[in-house]
Amino acid sequence: MTNFSQNKRLKQLSVVVAILTRDRPRMLKALLHSLASLQAPNNCLVRFLIVENNESNSQEETVKSIRPLITFGTIHYILETSLGIATARNTAAKEAARFGSDLLVFVDDDETVPTEWLSNLIDGYRESDAVLLGGPIRAAPLIGKHNWTERLMHRNIFRRYLRNERRAARQASLRKTSRTTIVTNNWIGQVSLFTDYKLRFDEKLNWSGGEDTKFYSDVRALKLTTGWIPDAPVYETIPRDRLTLQYQYNRAKDQSTTSFRKKLKAKRIAIYTLPVSVAIKSVVMVSLLLLIPVTLGATYLSFARTSGWIAGRISAIGGAKSEHYRTVTGE
């Protein structure tokens with residue numbers, strides 16, 4: 001099985017930077033413009049791959065319009081008409097393998113990247129012996145007019161991302177991520193994970209999400225090294241339709257449903273400890289609600305997410321499945 005030696009990592013690397021997109025033309029264009037401003041990583045052959053997961057090729061012309069702006073590497077577009085996030089990720093992995101690439105990078109179409117992002121990702125990979133690594137996500141500043149509840153939610157999301165980033169910086173490194181999960185909003189992995197180890201994103205999770213968390217678990221189960229690259233952040237644009245209490249509640253509910261279904265499948269006994277967990281979380285939820293005015297809104301997001309966690313656990317018991325990715329947010 002392939003696990004590149006340090007010498008091989010220093011040689012020229014073939015890299016595919018993959019972006020999955022569906023019905024977010026404005027956000028995709030912003031990401032593509034940020035990719036056009038990247039500094040070229042040393043000794044790399046780079047391909048940018050846009051996988052449109054849609055019924056028709058609505059974004060092919062947008063991709064073509066960016067080609068003249070790309071200062072290094074090549075840009076490629078493919079249409080994947082079989083809808084589902086895991087299916088689209090597997091399509092990107094197949095293309096990377098077809099290109100004979102060493103590395104596959106994922107970044108989301110609702111993000112933008114700083115100029116040094118890709119160079120820092122590659123440098124982090126070369127300094128590590130990990131086969132899968134990730135980096136931080138930050139909330140991009142708000143643009144345009146927003147009401148006070150939207151500004152409050154954005155401030156909460158910004159702080160949550162910052163706390164997660166600081167925690168990862170303390171707990172993870174280029175050679176370990178024992179308490180930090182690598183997810184595909186900022187992800188770099190060896191293509192050998194797909195070609196040699198035969199891993200795939202689980203297409204049963206096409207609509208619920210969590211396919212990247214499961215992939216990370218599968219990598220860890222093989223006892224392969226994973227790592228964290230703290231100086232390669234990406235910036236997520238938080239659209240107006242995600243800046244509501246309802247959306248954040250629904251998102252947390254979906255994540256909780258998917259997580260608990262997985263837990264029940266692995267260990268059915270988890271159902272017996274659920275009443276205690278729900279009771280504790282309910283007390284926390286009420287406390288967070290009461291603290292909203294005291295903390296000037298600092299517990300606003302935590303209240304929504306804790307409420308969603310409880311609802312998701314209960315939904316999973318009833319056999320519910322998350323359908324989070326059937327609805328596209330953003331523009």
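Just so it is clear, the values below take in all heavy atoms, side chains as well, and ignore hydrogens, waters and symmetry mates.
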Visitor: Considering residues at least two apart in sequence or located in another chain, which fulfil the side chain to side chain contact (heavy atoms under 4.5 Å, CB included) criterion with Leu291?
Guide: Val294, Thr295, Thr299
Visitor: Does any pair with a residue in residues 204-231 pass ring-ring contact (aromatic ring centres under 6.0 Å, His included), and if so which ones, sequence neighbours excluded?
Guide: Trp187-Phe215, Phe194-Phe215, Phe201-Phe215
Visitor: Check whether any side-chain N or O of Asn206 sits under 3.5 Å from a backbone N or O of Ala86 as a donor-acceptor pair, and report yes or no.
Guide: yes
Visitor: With rounding to the nearest 0.5 angstrom, report the CZ to OG1 distance, Phe48 to Thr74.
Guide: 8.5 Å
Visitor: Between Tyr235 and Arg138, is any side-chain donor less than 3.5 angstrom from a side-chain acceptor?
Guide: yes
Visitor: Using the side chain to side chain contact (heavy atoms under 4.5 Å, CB included) rule, take Ile137 and Glu111 through it: C-alpha gap first, then chi angles, then the decisive distance, then the call.
Guide: CA-CA 9 Å; Ile137 181 170; Glu111 297 169 347; 3.5 Å; yes
Visitor: Are Phe72 and Ile188 grouped together when hydrophobic residues (ILVMFWY) are joined by side-chain heavy atoms under 4.5 angstrom apart?
Guide: yes
Visitor: Give me the atom names and distance for the closest heavy-atom approach of Tyr249 to Ala311.
Guide: OH-CB, 3.1 Å
Visitor: Establish whether Val191 and Leu45 are linked, either directly or via other cluster members, by ILVMFWY side-chain heavy-atom contacts under 4.5 Å.
Guide: no
Visitor: Determine whether Leu193 and Leu224 make a side-chain contact, defined as any pair of heavy atoms from C-beta on separated by less than 4.5 Å.
Guide: yes
Visitor: On a heavy-atom basis, which atom in Thr329 and which in Pro239 lie closest, and how many Å separate them?
Guide: C-CG, 4.5 Å
Visitor: Sequence neighbours left out, what passes side chain to side chain donor-acceptor pair (under 3.5 Å) with Arg305? Give chain and number order.
Guide: Gln255
Visitor: Can you name the closest pair of heavy atoms from Met285 and Thr306 and give their distance?
Guide: CB-CG2, 3.9 Å
Visitor: Going through the checks in order, is the side-chain hydrogen bond (donor to acceptor under 3.5 Å, both in side chains) test met by Thr184 and Arg89?
Guide: CA-CA 9 Å; Thr184 45; Arg89 294 207 187 284; 2.9 Å; yes
Visitor: Do the non-hydrogen side-chain atoms of Leu118 and Leu38 ever get within less than 4.5 Å of each other?
Guide: yes
Visitor: Quick check for you: to the nearest 0.5 Å, what is the distance between Asn54 atom CG and Ser82 atom OG?
Guide: 12.0 Å
Visitor: Please check: side-chain N/O of Asp108 versus main-chain N/O of Asp110, any donor-acceptor pairing under 3.5 Å?
Guide: no
Visitor: Ile269: what forms a side chain to side chain contact (heavy atoms under 4.5 Å, CB included) with it, not counting sequence neighbours?
Guide: Lys267, Tyr272
Visitor: Between Ser58 and Glu52, does any side-chain donor sit less than 3.5 Å from a side-chain acceptor?
Guide: yes
Visitor: Is there a continuous path of hydrophobic side-chain contacts, each under 4.5 Å between heavy atoms, that joins Tyr247 to Leu288?
Guide: no
Visitor: Just by distance, do the side chain of Asn186 and the backbone of Pro136 share a donor-acceptor pair under 3.5 Å?
Guide: yes
Visitor: With rounding to the nearest 0.5 angstrom, report the CG to CG distance, Leu301 to Leu245.
Guide: 9.0 Å
Visitor: Hey, which of His154, Glu150, Glu236 is the one that makes side chain to side chain donor-acceptor pair (under 3.5 Å) with Arg242?
Guide: Glu236
Visitor: Atom CE in Met27, atom CG in Leu31: separation rounded to 0.5 Å?
Guide: 11.0 Å
Visitor: For Val16 and Ser101, which heavy atoms make the closest approach, and how far apart are they?
Guide: CG2-OG, 3.2 Å
Visitor: So, Gln171 side chain and Ala168 main chain: donor-acceptor pair closer than 3.5 Å or not?
Guide: no
Visitor: Could you go through the side chain to side chain contact (heavy atoms under 4.5 Å, CB included) check for Thr91 and Ile78 one step at a time?
Guide: CA-CA 9 Å; Thr91 297; Ile78 59 171; 3.5 Å; yes
Visitor: Tell me whether Phe99 is reachable from Leu104 by hopping between hydrophobic residues (I, L, V, M, F, W, Y) whose side-chain heavy atoms are closer than 4.5 Å.
Guide: yes
Visitor: Taking the side chain as every heavy atom from C-beta outward, state whether Leu35 and Val113 have any pair of such atoms under 4.5 Å apart.
Guide: yes
Visitor: When you look at Arg126 and Leu13, which way does the side chain to side chain contact (heavy atoms under 4.5 Å, CB included) test go after all the steps?
Guide: CA-CA 10 Å; Arg126 281 178 161 143; Leu13 296 171; 3.6 Å; yes
Visitor: With sequence neighbours excluded, what pairs up with Glu127 under the salt bridge (Lys or Arg N to Asp or Glu O under 4.0 Å) test?
Guide: none
Visitor: Would the distance check show the side chain of Thr180 and the main-chain N or O of Thr177 forming a donor-acceptor pair, the cut-off being under 3.5 Å?
Guide: no
Visitor: Looking only at non-hydrogen atoms, find the nearest pair between Tyr77 and Val63 and report the distance.
Guide: CD1-CG2, 3.9 Å
Visitor: Does any N or O in the side chain of Arg9 come within less than 3.5 Å of the main-chain N or O of Tyr125, such that one atom is a donor and the other an acceptor?
Guide: yes
Visitor: For Ser119 and Gln39: C-alpha separation, side-chain torsions, deciding distance, then whether side-chain hydrogen bond (donor to acceptor under 3.5 Å, both in side chains) applies.
Guide: CA-CA 7 Å; Ser119 292; Gln39 66 183 37; 3.3 Å; yes
Visitor: Under the 6.0 Å and 45° cation-pi test, does Lys253 pair with Trp309?
Guide: no
Visitor: Would a 4.5 Å heavy-atom cut-off, applied to side chains only, mark Thr21 and Asn53 as touching?
Guide: no
Visitor: May I ask you to decide if Ala270's main-chain N or O and Thr273's side chain share a donor-acceptor pair within less than 3.5 Å?
Guide: yes
Visitor: Do Ser128 and Leu133 have side-chain heavy atoms sitting under 4.5 Å apart?
Guide: yes
Visitor: Among residues at least two apart in sequence or on other chains, which ones pass side chain to side chain donor-acceptor pair (under 3.5 Å) with Asn164?
Guide: Arg167
Visitor: Considering only heavy atoms from C-beta outward, does the side chain of Phe106 approach that of Ile19 to under 4.5 Å?
Guide: no
Visitor: Val183 and Leu20: same hydrophobic cluster, using ILVMFWY side-chain contacts below 4.5 Å?
Guide: no
Visitor: Quick one: which of Arg26, Arg240, Arg24 gives a side chain to side chain donor-acceptor pair (under 3.5 Å) with Glu331?
Guide: Arg26
Visitor: Between Lys198 and Thr195, is there a donor-acceptor pair closer than 3.5 Å when you use the side chain of the first and the backbone of the second?
Guide: yes
Visitor: Side-chain contact test, heavy atoms from C-beta onward, threshold under 4.5 Å: evaluate it for Val15 versus Asp102 and give yes or no.
Guide: no
Visitor: List the steps and the verdict of salt bridge (Lys or Arg N to Asp or Glu O under 4.0 Å) for Glu211 and Lys214.
Guide: CA-CA 5 Å; Glu211 80 295 338; Lys214 185 177 184 302; over 6 Å; no
Visitor: Are the side chains of Arg313 and Thr257 in touch, meaning some heavy atoms are under 4.5 Å apart?
Guide: no
Visitor: Atom CG in Leu121, atom SG in Cys44: separation rounded to 0.5 Å?
Guide: 10.5 Å
Visitor: Under the 3.5 angstrom rule, does the side chain of Arg268 hit a backbone N or O of Lys263 as a donor-acceptor pair?
Guide: no
Visitor: Return yes when atom CZ of Arg166 has more than 12 non-hydrogen atoms of other residues, nucleotides or ligands closer than 6.0 Å, and no otherwise.
Guide: no
Visitor: Could you tell me the separation between the CG atom of Leu142 and the CZ atom of Phe158, rounded to the nearest 0.5 Å?
Guide: 10.5 Å
Visitor: Determine whether a donor-acceptor pair (N or O, by modelled atom type, separation under 3.5 Å) exists between the side chain of Gln190 and the backbone of Ser192.
Guide: no
Visitor: Search all heavy atoms of Glu95 against all heavy atoms of Leu49 and return the closest pair with its distance.
Guide: CB-CD2, 3.6 Å
